[in-house]
> 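There's a structure below that I have some questions on.
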Amino acid sequence: MANDNMNSFRTATIAVLVDNEPGILARVVGLFSGRGYNIDSLTVAAVEDGGQRSRINIVTSGTEMVIEQIKAQLDRLVPVHRVSDLSKDGPHLAREMMMIKVICPHREGGQNRAEALRLADAFRARVVDASTESFVFEMTGDTAKLDAFVELMRPLGLAEISRTGVAAIARGTRVI
Amino acid sequence: MTDASHSPIRPETPTAAGAEILLRALKDQGVDVIFGYPGGSVLPIYDALFNQNAIRHVLVRHEQAAVHAAEGYARSTGRVGVVLVTSGPGATNAVTGLADALLDSIPVVCLTGQVPTHLIGNDAFQEADTTGITRPATKHNYLVKRPEDLARVVHEAFYVARSGRPGPVVIDLPKDILIGKAPYTPPAETPHRSYRPQTQPDSALIARAVAMLKSAKRPMIYTGGGVINAGPAASEALVRFVRTTGFPCTSTLMGLGAFPASDPQFLGMLGMHGTYEANLAMHGCDVMLNIGARFDDRVTGRLNAFSPGSRKIHIDIDPSSINKNVPVELPIVGDAGRALEALLAAWDADAAPVDRPALATWWRQIDAWKGTDCLRFTQPREPGAIIKPQYAIQRLYEITRAVKQDIFITTEVGQHQMWAAQYFKFERPNHWMTSGGLGTMGYGLPAAMGVQIAHPDALVIDIAGEASILMNIQEMGTLSQYRLPVKIFILNNEYMGMVRQWQELLHGSRYSESYSAALPDFVKLADAYNAVGLRAKTVDELDGVIHEMLASDRAVIADIAVDPKENCYPMIPSGAAHNEMILGSESAGGVAGVTDEGKVLV
């Protein structure tokens with residue numbers, strides 16, 4: 001049968017170019033919730049035509065059949081211009097930005113502060129705010145790298161995380 | 001006009017009140033009738049309607065009925081149906097109709113009133129988040145916030161409603177937009193910026209489809225509502241294609257009429273209450289051609305047992321319908337009519353012969369299945385005998401066939417709907433209006449109203465059940481007001497029959513809440529609405545009532561008392577496969593095998 005691979009489960013990063021009109025995000029999110037699809041990450045921002053078009057990046061997961069269905073459902077929304085499956089059409093870059101607050105007071109000996117700074121340096125995270133009680137690190141990278149840094153900060157006084165979700169783009173000359 | 005309008009350099013665009021601009025845009029879209037109900041926020045539109053004659057307004061008695069009437073109008077004409085309702089409850093009442101039109105792919109534009117823009121979000125009187133509520137019930141919706149967008153949005157809404165896979169579109173109109181001045185713009189001549197559905201099928205794929213079909217030993221053509229939506233020419237192309245190939249053809253509930261039911265190559269409807277031969281041919285075929293159908297669960301039965309040995313070709317205008325439920329070998333995106341024309345051309349261009357001996361063997365097998373005569377029933381003939389519902393439909397069909405008139409049939413939802421699909425034979429498209437996808441009880445009477453408005457001289461019959469008809473019975477008032485001679489043919493078994501049937505077969509005959517208690521006297525009810533009320537209680541009264549109904553030039557309710565114990569067969573129980581069909585009460589014991597897993601499948 002032609003469909004042996006239709007049941008394999010995968011993660012897909014999908015870029016959607018849409019008219020920047022009221023309700024478009026609700027339309028896309030409603031499509032996912034109404035049809036029971038997963039959203040692992042979703043980002044949206046105006047990207048071209050003087051703010052008239054926005055790009056939505058969605059990270060989702062499902063069987064091949066479901067992912068193909070998600071793309072077809074997105075593509076038939078009236079304000080959608082293009083749908084691109086970045087994780088299938090070729091190599092791509094996926095990045096998210098995170099700000100992470102670690103509370104590690106100086107008065108408690110400072111080992112945790114020193115360790116947090118060392119790890120931040122190794123992960124190329126920047127200190128964007130510091131007090132005698134805390135740090136806020138800013139870090140950009142793929143989801144796995146951010147997850148790894150979060151785990152390392154946990155025993156050192158991890159207090160709060162703010163992440164942007166994934167922005168993605170194809171490598172090379174390919175455009176959406 | 002202001003001074004600026006006389007300026008030779010930049011004449012100001014002429015403007016008019018938003019309501020006037022709206023009506024002008026509707027007129028330019030070819031609208032001649034609107035089904036609606038007034039209210040505070042749409043009064044400016046009603047004022048504008050009052051001052052013109054180009055567009056006729058039909059006043060319904062409930063907003064849900066306005067949408068079903070527009071659906072009936074749209075299905076029987078192939079044009080876009082138009083609805084006008086007020087804000088808040090007007091819009092929320094319309095939601096069922098919109099969802100119905102969405103699932104059955106019916107082009108409808110629904111204009112909803114809205115509180116003025118500065119009050120939106122304030123919980124104002126009769127305010128509802130209409131675009132929010134209708135988003136999953138429409139193909140698309142708009143909220144007009146600037147006067148200069150009004151005309152463009154109306155034109156775009158009609159384009160979206162009728163293009164690609166048709167569907168309902170809502171335009172939410174704040175009252176200040178309707179009163180304030182707005183400029184007019186004619187329909188755009190440039191393509192839509194983002195919504196451009198593919199209608200022309202890929203010719204290489206069509207050639208592959210022909211090669212697959214010619215190599216078939218047991219081919220099957222399975223058609224759906226997409227053929228009807230593609231216009232009458234698509235149905236003609238389907239007839240030519242089926243006859244050219246010599247292949248058997250079946251149809252979904254929504255597709256009935258696209259291929260003539262009297263044709264020997266037609267196997268009848270398939271699916272849960274489809275014919276034995278259609279379902280077994282689907283189960284046993286080796287190449288399946290699906291044109292404009294969507295492998296709905298009512299059609300496929302248990303998915304992992306659906307037509308297990310076939311290679312499948314699926315032609316659909318909506319790419320999201322393909323590979324949704326059933327994976328197919330050859331997906332083809334395109335309009336059903338264009339695809340059929342392309343198939344016909346490619347069939348002639350392909351030199352390969354059809355495997356005639358195999359096809360003859362296949363037809364012998366199908367004829368053997370046909371020999372089962374799965375729609376057989378026994379009608380006792382002695383005077384005073386109770387009427388079998390199947391017999392009532394059969395007589396209605398036979399007697400109306402002799403009437404030299406265009407005949408349109410609408411239905412409500414339930415047993416009577418399935419019997420109508422089984423025993424009324426449709427020869428032409430656009431003459432059968434039923435709620436397929438959503439299964440909306442109360443659809444048939446308002447839909448018949450819309451059909452009769454579009455075809456004043458036609459014979460329009462709503463085949464109804466006594467429970468369904470009560471869901472929109474208030475529309476008798478609309479029939480009366482506009483003197484619409486719709487015939488309502490009620491198969492009255494004093495039960496929500498399909499619920500009772502499932503309770504009998506799947507829930508140990510515990511008839512929980514399915515008895516139609518305290519029914520009205522339908523003859524008196526007809527009389528109260530200036531219609532004719534007739535009743536047949538026994539088999540010897542049936543023909544007389546049908547003749548009397550057809551002879552009347554007024555609306556008629558014919559209350560036909562039928563056998564309350566009769567079930568709708570054949571039946572594929574939920575969770576079963578096509579080849580596990582129950583043919584009649586004598587084999588209903590097979591239902592005992594339905595597992596809990598099957599029962600959850602509705």
> Are more than 12 heavy atoms from other residues, nucleotides or ligands located less than 6.0 Å from atom NZ of Lys145(B)?
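No, because the 6.0 Å sphere around NZ of Lys145(B) holds 12 heavy atoms or fewer from other groups.
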
> Can you confirm whether more than 12 heavy atoms, excluding those of Arg152(B), are under 6.0 Å from its CZ atom?
yes

> Verify the neighbour count for atom CE of Met97(A): are there more than 12 heavy atoms of other residues, nucleotides or ligands below 6.0 Å?
yes

> Counting heavy-atom pairs under 4.5 Å with chain A, which one of Ile322(B), Asp318(B), Val160(B) comes out on top?
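Between Ile322(B), Asp318(B), Val160(B), the count favours Asp318(B).
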
> Which atoms of Val326(B) are under 4.5 Å from chain A, going by heavy atoms: the side chain, the backbone, both sets, or neither?
backbone

> Working to the nearest 0.5 angstrom, can you tell me the gap between Met65(A) CE and Asn323(B) CG?
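Interatomic distance, Met65(A) CE to Asn323(B) CG, rounded to 0.5 Å: 6.0 Å.
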
> Can you tell which part of Asn325(B) gets under 4.5 Å to a heavy atom of chain A, answering side chain, backbone, both or neither?
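Contact with chain A: backbone only.
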
> Suppose the criterion is side-chain hydrogen bond (donor to acceptor under 3.5 Å, both in side chains): which pairs have a residue in residues 166-176 of chain A, not counting sequence neighbours?
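Every pair satisfying side-chain hydrogen bond (donor to acceptor under 3.5 Å, both in side chains) with a residue in residues 166-176 of chain A: there are none.
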
> Under 4.5 Å from any heavy atom of chain A, what part of Arg165(B) do you find: side chain, backbone, both or neither?
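The answer is the side chain of Arg165(B).
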
> Can you name the residues of residues 78-96 of chain A that have some heavy atom under 4.5 Å away from a heavy atom in chain B?
Val78(A), Pro79(A), Val80(A), His81(A)

> Quick check: closest heavy atoms across Arg135(B) and Ala26(A), and the distance to 0.1 Å?
NH1-CB, 3.1 Å

> Measure the CD-NZ distance between Gln73(A) and Lys324(B) for me, rounded to the nearest 0.5 Å.
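Here the rounded value is 6.5 Å.
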
> Nearest 0.5 Å, please: how far is OH in Tyr142(B) from CD in Glu21(A)?
7.5 Å

> Side chain, backbone, both or neither: which part of Asp19(A) has a heavy atom under 4.5 Å from chain B?
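For Asp19(A), the side chain is the part near chain B, not the backbone.
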
> Do other residues, nucleotides or ligands put more than 12 heavy atoms under 6.0 Å from Arg124(A) CZ?
no

> Nearest heavy-atom pair of Arg27(A) and Asn141(B): which atoms, and what distance?
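Shortest heavy-atom separation between Arg27(A) and Asn141(B) comes out as NH2-OD1, 2.8 Å.
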
> Roughly how far, to the nearest 0.5 Å, is the OG atom of Ser320(B) from the CG atom of Leu77(A)?
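The CG atom of Leu77(A) sits 9.5 Å away from the OG atom of Ser320(B).
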
> Just wondering, more than 12 heavy atoms not from Leu117(A) lying within 6.0 Å of its CG?
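Result for CG/Leu117(A): enclosed.
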
> Taking everything shown except His106(A) itself, do over 12 heavy atoms lie less than 6.0 Å from its NE2?
no

> Chain A heavy atoms under 4.5 Å from Leu143(B): which part of the residue, side chain, backbone, both or neither?
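It is neither, since no heavy atom gets under 4.5 Å.
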
> Are there over 12 heavy-atom neighbours, none belonging to Arg126(A), within less than 6.0 Å of that residue's CZ?
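No, the 6.0 Å shell around CZ holds no more than 12 heavy atoms from other groups.
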
